[in-house]
Peer 1: 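Before anything else, here's the structure in question.
Below, read A as the first sequence line, B as the second, and so on, with proteins coming before strands; counting in each chain starts at 1.
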Protein chains: 2
Amino acid sequence: MAKTDRKTQILTEATRLFSESGYDKVTVKQLADACGITEPALYRHYSSKEAIYDAVLDSISKRLNYDELFEQLGKTNDVEVLLKSIANHILDYFSENQDVYRLLLYSALRGHTKSKQVYQAIRGTYVRFLYTQLDRLYEMGSIINKNNEMTARCFIGMVFDCALGVTLWKGFQGKQFDPPDVIANNVPIYVRGLTS
Amino acid sequence: MAKTDRKTQILTEATRLFSESGYDKVTVKQLADACGITEPALYRHYSSKEAIYDAVLDSISKRLNYDELFEQLGKTNDVEVLLKSIANHILDYFSENQDVYRLLLYSALRGHTKSKQVYQAIRGTYVRFLYTQLDRLYEMGSIINKNNEMTARCFIGMVFDCALGVTLWKGFQGKQFDPPDVIANNVPIYVRGLTS
DNA sequence: CACAGAAGTTAACAACCACTAACATACGAT
DNA sequence: ATCGTATGTTAGTGGTTGTTAACTTCTGTG
């Protein structure tokens, strides 16, 4: 196996394992086993366990592609379209990358500065985009006067929490709702509450 | 020091330490040091590290007092009062017990079944109360027809996320908002969106 | 073919961790 | 006064973990 392939494989397995069990509970042996090699072989590719962890976080922050969404939505004048698209984008992303959110939250709770930064980079990007758009819609007279940064942060928070519900609380929240249904139910409340 | 006092002290220190660093990163020695005793002395009071952890979770689930809130709000017909009171109750609780939310989330991510249950017990209680009240307000004609369980879960999710922002993301979310301000900004959006 | 370097192995090390055995002391009840 | 119990200590054990040293195997290149 070529060096690059092995490195990628280690990254993939590490992402999966770390997000499943958290950094501390994953042993280097586990990771090596998952890759089908021995522990010392891992150290040919990464200098330490922490280095693998850093690489995982780096790859995560590069995995998100907002450009498409932002270009698509940059010109809409419909609050409902705006909110629904952002919500769906977040939920799609996290359902396609179920491991990511868990891993980020876990790391952030662990106090890992880098993962806090990554988490906030992802989240902050959504928030900034949304409140910029809300500012624009307000100037157009489409929505009422609010602190749009607060509004945006809360809305994104609600959607993130919903995403967490899907991945983390599976089987622990009583009835299991489909995220799209939740969006369909709740975004209109926001829209009604915001439009003038 | 009497046995009960020491046991309580261990519980207090354990709650603090576990929520700061997570179960895995806290060593028994750290905990013993924090209590001013040696490791074996700890084992006079708790049979294992895991037993201490269980005790911490038990004490947390007993620390919440909803009765006051629920009795107080059980008869209000004002959606805004209802939502604001619930939101403030959650935020007050978590700002008074900053360690609790961190610990619960941390444990839940770690996959600890009991902590998932505790987290969901706390959260679920708020959700059930809110959607019962929303059902009542709907029957009274005060609010529009919605899936009130979804609405409640999303609202509670938004507030929980807000509480997390205060404790976990301090210094990582750019501008720091006061939770009461956030409530004052966002609850009215929900109210406008829900009232008929 | 020779060989350099990449990638893998076995064996082991030092540090750490949860936990325990064995012993010491304070103290209330009888 | 004495005994039992609660609570503490010192010293140490077995197991795990991240990491490394030393050695082997594979492979592409001049």
Peer 1: The side chain of S48(A) is closest to which nucleotide in this list: dT10(C), dT9(D), dT19(D)?
Peer 2: dT19(D)
Peer 1: Check every atom of dT9(D), dC17(C), dA11(C) against the side chain of T27(B) and return the nucleotide holding the closest atom.
Peer 2: dC17(C)
Peer 1: dT9(D), OP1 or OP2 - any side-chain N/O from T38(B) closer than 4.0 Å?
Peer 2: yes
Peer 1: Using whole Å, report how far CG of D24(B) lies from P of dT17(D).
Peer 2: 11 Å
Peer 1: Whole angstrom is fine here: how far is it from CG in L42(B) over to P in dA6(D)?
Peer 2: 18 Å
Peer 1: Is a salt bridge present between E139(A) and R136(A), judged by a nitrogen-to-oxygen distance below 4.0 Å?
Peer 2: no
Peer 1: Atom OH of Y46(A) and atom P of dT19(D): how far apart are they, to the nearest Å?
Peer 2: 15 Å
Peer 1: Rounding to a whole Å, what distance do you find between R44(B):CZ and dC23(C):P?
Peer 2: 13 Å
Peer 1: Could you tell me how far apart K49(A) (NZ) and dT20(D) (C1') are, to the nearest whole angstrom?
Peer 2: 17 Å
Peer 1: Decide whether N186(A) and Y190(B) meet the rule of one side-chain donor and one side-chain acceptor closer than 3.5 Å.
Peer 2: yes
Peer 1: Using the six-membered ring wherever Trp is involved, compare the ring planes of F70(A) and F129(A) and label them parallel, tilted or perpendicular (cut-offs 30° and 60°).
Peer 2: parallel
Peer 1: In whole angstrom, give the distance that lies between atom CD1 of I37(A) and atom C1' of dT24(D).
Peer 2: 16 Å
Peer 1: Does K114(A) come within less than 4.0 Å of D58(A), counting only side-chain N to carboxylate O?
Peer 2: yes
Peer 1: Between Y43(B) (OH) and dC19(C) (P), how many Å, whole number?
Peer 2: 4 Å
Peer 1: For the pair made of CG in D5(B) and P in dG8(D), what is the distance, rounded to whole Å?
Peer 2: 11 Å
Peer 1: Identify, between K25(A) and S47(A), the residue whose nearest nucleotide on DNA chain D lies closer to the 5' end.
Peer 2: K25(A)
Peer 1: For R123(A) and Q120(A), does a side-chain donor sit closer than 3.5 Å to a side-chain acceptor?
Peer 2: no
Peer 1: Does R6(A) have a side-chain nitrogen or oxygen under 4.0 Å from the phosphate oxygens OP1 or OP2 of dG8(C)?
Peer 2: yes
Peer 1: If the cut-off is 4.0 Å, is H45(B) near the phosphate of dG8(D), judged by side-chain N/O to OP1 or OP2?
Peer 2: yes
